[in-house]
Amino acid sequence: MASIVIIGAGIGGMSAAYEIRALLGQEHRVTVVGEGPLFSFTPSNPWVAVGWRKPADVQIDAPKHLGRKHIDFEGSGVQRIEPAANRVHLGDGRSLDYDYLVIATGPRLAFDEVPGLGPEGGYTQSVCTTTHATSAWDAYQEFLKDPGPIVVGAAAGASCFGPAYEFAMILDADLRKRKLRDRVPMTYVSPEPYIGHMGLGGVGDSKGLMESEFRQRHIQWIVNARIASVADGQMTVSELDADGQPKKTHVLPFRYSMVLPAFTGVDAVRQVEGLGNPRGFVLIDEHQRHPAFANIYGIGVCVAIPPVEVTPVPTGAPKTGFMIESMVTAVAENIKAELEGRAAASKATWNAICLADMGDTGVAFVALPQIPPRNVTWAKAGKWVHLAKVAFEKYFLMKMKSGNTEPVYEKYVLKLLGILRTR
């Protein structure tokens, strides 16, 4: 019997546990290590931050649902990884030995790279976690009593821009519903070289589409921007030109701000020499496997993927939901192959499908694959995207409760569209 340990109980970790269990059957032990007992559907956090969802609407009891598939759960987190001994040390002092380790931790949120950034000891809000989004909702309720300027955006080195775009437009929609939009100037600040870049070099005509949405909603923007510091009610932003040289310094007042930070790898990875790159992201080969530690795999935001292109202000490549699911399938298939004495051969397609909600409409992006050059690239806007995002939230939570990560109808519908998980 082999022991497979999965670090992380988010979208990647939960999906990996279910898929590995389904492929391997009951013969082998599967254990998920999370930080606390709750799974959160992270894409819904912007809705939580404006009160459109409660935390309980987007969270489930991970041990309860994993247990139904005979998957063990440890909720104290991982303190240290010991690859030479095939062991992980848990937050409560115990340890787990493994035959295969799947790292799906998500990122460390690097608020500390910008003075004054973040909800813990800083002056800006976040939607990176459901806890942060809940705090953002508390701050937003106070803001509504005395509205004023809003700044939304991302810090230099950020790689996840979708939630920043979503949140800016969800705020716009919510304030219009409350008849307060005319009292709230809004500015979007980003290291992207242009609106709609999203760390992907654009998808279809995302530049024209997103600029049009911002103009219609009277959202100003500053790109090629590096946030230098944040004080109480004031953000200092350095705007660079196309050559990366200083162009202008902006001092932006705000009564409310949400800024996505840059990411690094988590401490448990960063402290192991050779496990991650200089930023602490897990090194992987084409099979999602670590090039030196052959029984360690990486999934999701925690893996090392180079930027799509060099930009005047650093940006990272995002890891979208379907891209993560494709990594999950590749890892499950490769572990199964190795346990059966075959070589790992499965490769994730890294196809990207993104539904970005805008409160009352939305934009869908498809990039096949995510990293250029692409076979398919397009972006479409419409109210149907908002409705699809709502439906997908319910659908994915259902999958996490049932343990069926790729129902037959999903598999064949996507196949008809030419969207595959592995190759």
Side-chain angles (χ1 to χ4, degrees), residues 1-35 37 39 61-105 268-269 272 275 282 284-285 287-300 302-303 324-348 399-406 421-422:
M1 179 184 76
S3 175
I4 298 95
V5 174
I6 300 161
I7 307 176
I11 288 174
M14 288 278 285
S15 299
Y18 286 134
E19 198 152 338
I20 288 169
R21 169 58 77 220
L23 279 183
L24 300 187
Q26 301 299 320
E27 178 184 349
H28 304 285
R29 183 178 183 182
V30 181
T31 304
V32 173
V33 182
E35 297 275 358
F39 164 83
D61 185 326
K64 172 184 173 182
H65 296 287
L66 290 168
R68 290 173 177 167
K69 295 292 184 179
H70 306 287
I71 297 168
D72 297 333
F73 184 86
E74 298 285 350
S76 63
V78 169
Q79 187 71 25
R80 184 163 58 93
I81 300 170
E82 197 176 354
N86 293 331
R87 183 175 297 122
V88 293
H89 297 266
L90 305 180
D92 61 7
R94 295 179 299 121
S95 63
L96 291 174
D97 292 337
Y98 62 82
D99 295 292
Y100 291 93
L101 179 66
V102 180
I103 302 176
T105 59
V269 172
V272 181
L275 185 56
V282 180
I284 56 171
D285 63 13
H287 304 298
Q288 303 294 139
R289 183 176 53 188
H290 194 278
F293 306 114
N295 63 339
I296 296 180
Y297 287 83
I299 288 171
C302 69
V303 304
I324 294 172
E325 290 188 85
S326 78
M327 295 181 189
V328 165
T329 297
V331 167
E333 291 176 352
N334 286 330
I335 290 176
K336 183 176 189 292
E338 291 191 356
L339 286 171
E340 293 175 349
R342 297 179 286 113
S346 187
K347 302 176 185 178
K399 291 204 297 182
M400 292 299 98
K401 291 176 181 178
S402 69
N404 186 0
T405 60
E406 192 181 30
R421 289 192 181 190
T422 57

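Put simply, the side chain of H28 gets close to the backbone of A2: a donor and an acceptor are under 3.5 Å apart. At distances below 3.5 Å, not a single donor-acceptor pair connects side-chain atoms of H89 with backbone N or O atoms of V78.
One finds the CD1 atom of I299 at 9.0 Å from the CD1 atom of I324 (value rounded to the nearest 0.5 Å). L96 CG to N86 CG: the interatomic distance, rounded to the nearest 0.5 Å, is 12.5 Å. Here CD of Q288 is found 5.0 Å from CE of M327. Values are rounded to the nearest 0.5 Å. The line from CD1 of I4 to CD1 of I71 is 10.5 Å long, rounded to the nearest 0.5 Å. In this structure, CZ in R87 is found 4.5 Å from CG in D97, a value given to the nearest 0.5 Å. The distance from atom OG of S346 to atom CG of N334, rounded to the nearest 0.5 Å, is 5.0 Å.
Counting heavy atoms from C-beta outward, H287 and E333 have side chains that stay 4.5 Å or more apart. Using a 4.5 Å heavy-atom threshold, the side chains of V30 and D72 count as separate. When side chains are defined from C-beta on, L66 counts as touching M14, because their heavy atoms get closer than 4.5 Å. Residues E82 and S95 have side chains not in contact (no heavy-atom distance under 4.5 Å, counting atoms from C-beta outward). At least one side-chain heavy atom of L339 sits less than 4.5 Å from a side-chain heavy atom of Y100.
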**Study point:** Stepwise side chain to side chain contact (heavy atoms under 4.5 Å, CB included) check, L275 with H290
**Key:** CA-CA 8 Å; L275 185 56; H290 194 278; 3.7 Å; yes
Exercise for review: May I have the step-by-step check of side chain to side chain contact (heavy atoms under 4.5 Å, CB included) for D61 and F39, ending in yes or no?
Suggested key: CA-CA 6 Å; D61 185 326; F39 164 83; over 6 Å; no
**Study point:** From CA spacing to verdict: side chain to side chain donor-acceptor pair (under 3.5 Å), E19, T329
**Key:** CA-CA 7 Å; E19 198 152 338; T329 297; 2.7 Å; yes
Practice item. Evaluate the side chain to side chain contact (heavy atoms under 4.5 Å, CB included) criterion for residues I6 and I20: first the C-alpha distance (whole Å), next the side-chain angles of each, then the deciding distance (0.1 Å), finally the verdict. Key: CA-CA 10 Å; I6 300 161; I20 288 169; 4.1 Å; yes
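In plain terms, the two heavy atoms of P63 and F73 that are nearest each other are CG-CD2, 3.5 Å. The heavy-atom pair separating C302 from T105 by the smallest distance is CB-OG1, 3.5 Å. Across H65 and K401, no two heavy atoms sit closer than the pair ND1-O, 3.4 Å. Smallest separation of non-hydrogen atoms from I81 and I7: CD1-CD1, 3.9 Å. Of all heavy-atom pairs between T31 and E74, the closest is CG2-CG, 4.1 Å. The two residues Y297 and R289 make their nearest non-hydrogen contact at CE2-CB, 3.6 Å.
Salt bridge status for K336 with E340: present, with a side-chain N to carboxylate O gap under 4.0 Å. Ion pairing between E27 and R21 fails under the 4.0 Å rule for side-chain N and carboxylate O.
For the residue pair D99/N295, the side-chain donor-acceptor check at 3.5 Å is not satisfied.
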